[in-house]
Amino acid sequence: MDLSAELIAWYNDNKRDLPWRKTTDAYIIWLSEIILQQTRVEQGTPYFYRFAEKYPTVTDFAAAHEDEVLRLWQGLGYYSRGRNMLKTAQLVQQQYSGVFPVKYNELIKLKGIGEYTAAAISSFSSNEAKAVVDGNVYRVLARYFGVDEPINSPKGKKMFQQIANDVLDKARPALHNQAIMEFGAMLCKPKKPACGICPVRLGCVAFKTNATTYLPVKIKTVKVRKRYFNYMLISDGKEVLMNKRGEGDIWANMYDLPLIETTELIEQNELLKLPQMKVFGENIAFKNNPAIIKHVLTHQQLFIRFHVLDKFPDKLQSGWFYTDVNNLENLALPKAIFIFIKYFFNF
DNA sequence: AACACGGGGTT
DNA sequence: AACCCAGTGTT
């Protein structure tokens with residue numbers, strides 16, 4: 001048996017029971033694939049059910065409002081996925097009459113669908129012979145064939161896509177793609193792969209040369225920026241002053257609180273002297289001495305403090321608005337903001 | 001080619 | 001703390 005046949009045989013015996021594998025509906029598969037981008041199956045599954053239930057068809061999705069989509073997406077991260085989904089749903093509704101495309105060349109044009117997702121949807125929904133290359137596939141191929149070209153260099157990406165195409169079983173691409181990804185996720189894991197029970201270890205270069213620890217190779221260029229967020233919570237217990245974020249920064253179009261960002265960590269007495277504080281009015285005071293919350297993103301570390309102010313400002317800045325405390329659950333809030341607000345208002 | 005974009009699990 | 005997850009879009 002060749003590699004593909006071995007992986008498919010393994011898959012048939014060991015696959016997990018995942019809901020999106022029970023359909024060939026391109027729309028449902030699209031939902032699952034976008035949700036699972038850079039996201040573990042266990043984390044994404046509840047969101048998959050949530051979206052599939054709320055929007056059973058792409059027509060239902062296209063009718064949604066962005067606020068509603070982001071609220072459903074809350075907590076999953078990479079929120080541009082949610083915003084792009086709405087744009088794509090609307091385009092599919094208008095230009096494809098609500099019939100979700102199944103061909104790679106159509107799918108790749110859509111917002112939020114790149115090479116991986118186009119290959120996944122086209123193969124799973126219409127058995128088009130396109131090979132998926134995700135993190136799992138990079139790992140399996142790098143190890144099995146002993147390829148040490150970095151998976152995140154342009155050259156490496158081309159190379160692995162080519163290998164994936166060569167290995168693909170053109171007669172059953174859907175099954176092959178599921179198999180190689182499941183194999184990478186369950187057996188050929190990043191750390192401590194289960195080589196002892198691996199059906200293809202005798203053909204695996206990394207196993208034979210004891211190199212699984214070093215493959216795949218990845219270029220790392222992590223520069224993490226530190227940012228200091230001073231949030232103001234102002235509320236009389238019934239209403240609370242909120243802010244809607246704009247584009248061009250993290251958490252685009254989501255909701256947070258009035259924010260003063262500083263270049264370093266500062267204490268409340270220093271904060272009071274800042275010119276930005278003037279918008280909150282004269283003779284203001286803090287009602288708490290907040291802890292520093294560290295919130296880690298891919299390229300940023302946020303050091304967040306939530307300051308409770310004692311009175312409403314006289315006028316509002318752009319993006320600010322009052323909302324009823326009971327309406328907070330309808331707003332899409334970043335995780336760290338949500339946790340604090342939930343705690344503060346004792347949800 | 002490099003970077004931005006979240007949140008969470010594993011080691 | 002480092003690494004990675006069923007990646008994509010922008011510059």
Side-chain angles (χ1 to χ4, degrees), chain A residues 11 15-16 18-21 29-48 70 73-85 87-88 107-121 123-124 131-140 150-158 160-161 164 174 176-186 188-193 213-214 216-225 227 245 247-254 256 294-302 332-339:
Chain A
Y11 175 74
K15 65 183 172 189
R16 289 167 291 183
L18 302 178
W20 45 86
R21 288 189 182 144
I29 293 168
W30 168 71
L31 273 185
S32 72
E33 290 300 339
I34 303 295
I35 287 171
L36 292 175
Q37 286 168 3
Q38 292 294 286
T39 303
R40 288 167 199 279
V41 165
E42 304 77 51
Q43 189 188 2
T45 300
Y47 288 84
F48 170 77
L70 288 175
W73 200 273
Q74 178 176 291
L76 194 55
Y78 282 171
Y79 296 94
S80 65
R81 291 183 289 173
R83 299 197 304 275
N84 284 334
M85 272 185 126
K87 291 178 195 163
T88 289
L107 291 162
I108 195 71
K109 299 175 189 168
L110 302 174
K111 281 256 186 239
I113 299 184
E115 289 184 35
Y116 162 78
T117 306
I121 299 175
S123 64
F124 298 154
V132 295
V133 184
D134 73 337
N136 296 305
V137 176
Y138 279 122
R139 190 167 53 252
V140 172
I151 60 173
N152 55 346
S153 71
K155 184 179 173 189
K157 284 182 183 173
K158 277 201 175 74
F160 281 97
Q161 183 70 58
H176 167 96
N177 282 338
Q178 293 283 14
I180 192 168
M181 288 195 288
E182 186 80 339
F183 180 80
M186 305 295 290
C188 195
K189 298 176 293 184
K191 313 285 181 190
K192 303 248 180 106
T213 313
Y214 308 103
V217 174
K218 195 170 187 177
I219 306 166
K220 50 173 178 287
T221 58
V222 268
K223 280 191 327 183
V224 179
R225 181 161 61 124
R227 301 175 73 179
R245 298 179 62 83
E247 312 264 3
D249 198 356
I250 57 172
W251 304 329
N253 296 356
M254 296 176 71
D256 60 357
K294 186 177 175 185
H295 188 72
V296 180
L297 286 64
T298 308
H299 294 284
Q300 302 183 19
Q301 288 180 354
L302 307 182
L333 305 169
K335 194 72 172 182
I337 317 295
F338 179 73
I339 289 174

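Just so we're on the same page: letters track the sequence lines, and every chain starts at 1. Since the model is a prediction, treat every value here as computed from it, not as a measurement.
Considering only residues two or more places apart in sequence or on other chains, A:Asp256 meets the side-chain hydrogen bond (donor to acceptor under 3.5 Å, both in side chains) condition with A:Tyr231, A:Asn243, A:Arg245. Remark: A:Phe48 engages A:Trp20 in a ring-ring contact (aromatic ring centres under 6.0 Å, His included) (not counting sequence neighbours). With sequence neighbours excluded, the residues forming a side-chain contact (heavy atoms from CB on, under 4.5 Å) with A:Glu182 are A:Trp10, A:Tyr11, A:Lys15, A:Arg16, A:Arg21, A:Met186, listed by chain and number. For A:Tyr116, the ring-ring contact (aromatic ring centres under 6.0 Å, His included) criterion is met by no residue, not counting sequence neighbours.
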Between side-chain atoms of residues 39-46 of chain A and protein atoms elsewhere (two or more places apart, or another chain), which donor-acceptor pairs fall under 3.5 Å?
from	atom 1	to	atom 2	distance (Å)
A:Thr39	OG1	A:Ile35	O	3.3
A:Thr39	OG1	A:Gln37	O	2.8
A:Thr39	OG1	A:Arg81	NH1	3.0
A:Thr39	OG1	A:Arg81	NH2	3.4
A:Thr45	OG1	A:Val41	O	2.6

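No contact: A:Asn152 has no heavy atom under 4.0 Å from any strand. Among the protein residues, A:Gly44 comes within range of no part of the nucleic acid, since none of its heavy atoms lies under 4.0 Å from any strand.
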Protein-to-nucleotide contact annotation, 5' to 3' order, nucleotides 4-11 of chain C [B base; S sugar-phosphate only; - none; under 4.0 Å, heavy atom]: BBBBSSS-
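Look at A:His295 and you'll find a side-chain N or O under 4.0 angstrom from OP1 or OP2 of B:dG7. At least one side-chain nitrogen or oxygen of A:Trp251 sits closer than 4.0 Å to the OP1 or OP2 atom of B:dG7. For A:His299 and B:dC3, the shortest distance from a side-chain N or O to OP1 or OP2 is not below 4.0 Å.
Looking at A:Ile34 and A:Trp73, their side chains come closer than 4.5 Å, going by heavy atoms from C-beta outward. Proximity of A:Met85 to A:Leu31: side-chain heavy atoms (C-beta onward) are separated by under 4.5 Å at one or more points.
Nucleotides C:dA6 and B:dT11 have their P atoms positioned 14 Å apart, rounded to a whole Å. Between the C1' atoms of B:dC5 and C:dC4, the separation comes to 15 Å (whole Å). Separation of the P atoms belonging to C:dT11 and B:dG6 is 15 Å when rounded to the nearest angstrom. Annotation: C:dT8 and B:dG9 have their P atoms spaced 23 Å apart (nearest Å).
When rounded to the nearest whole Å, the span between CD of A:Gln300 and P of B:dG7 equals 11 Å. The CG atom of A:Leu297 sits 12 Å away from the P atom of B:dA4 (whole-angstrom rounding). If you measure from atom CZ of A:Arg83 to atom P of B:dA4, you get 16 Å, rounded to the nearest angstrom. For the pair A:Ile339 CD1 and B:dG6 C1', the computed distance is 12 Å after rounding to whole Å. The nearest whole Å value for the distance from the CG atom in A:Leu302 to the C1' atom in B:dC5 is 12 Å. Taking atom NZ of A:Lys294 as the reference point, atom C1' of B:dG6 lies 15 Å away to the nearest angstrom. Regarding A:Ile35, its CD1 atom lies at a distance of 15 Å from the C1' atom of B:dG6, rounded to whole Å. Whole-Å rounding puts the A:Trp73 CH2 to B:dG6 P distance at 11 Å.
For A:Ser153 and A:Ala252, each mapped to the nucleotide of DNA chain B holding its nearest heavy atom, the one lying further toward the 5' end belongs to A:Ser153. Taking the nucleotide of DNA chain B with the nearest heavy atom to each of A:Ile250 and A:Ile219, the more 5' of the two is matched to A:Ile219.
Going from atom OG1 of A:Thr88 over to atom CH2 of A:Trp30 covers 6.0 Å, rounded to the nearest 0.5 Å.
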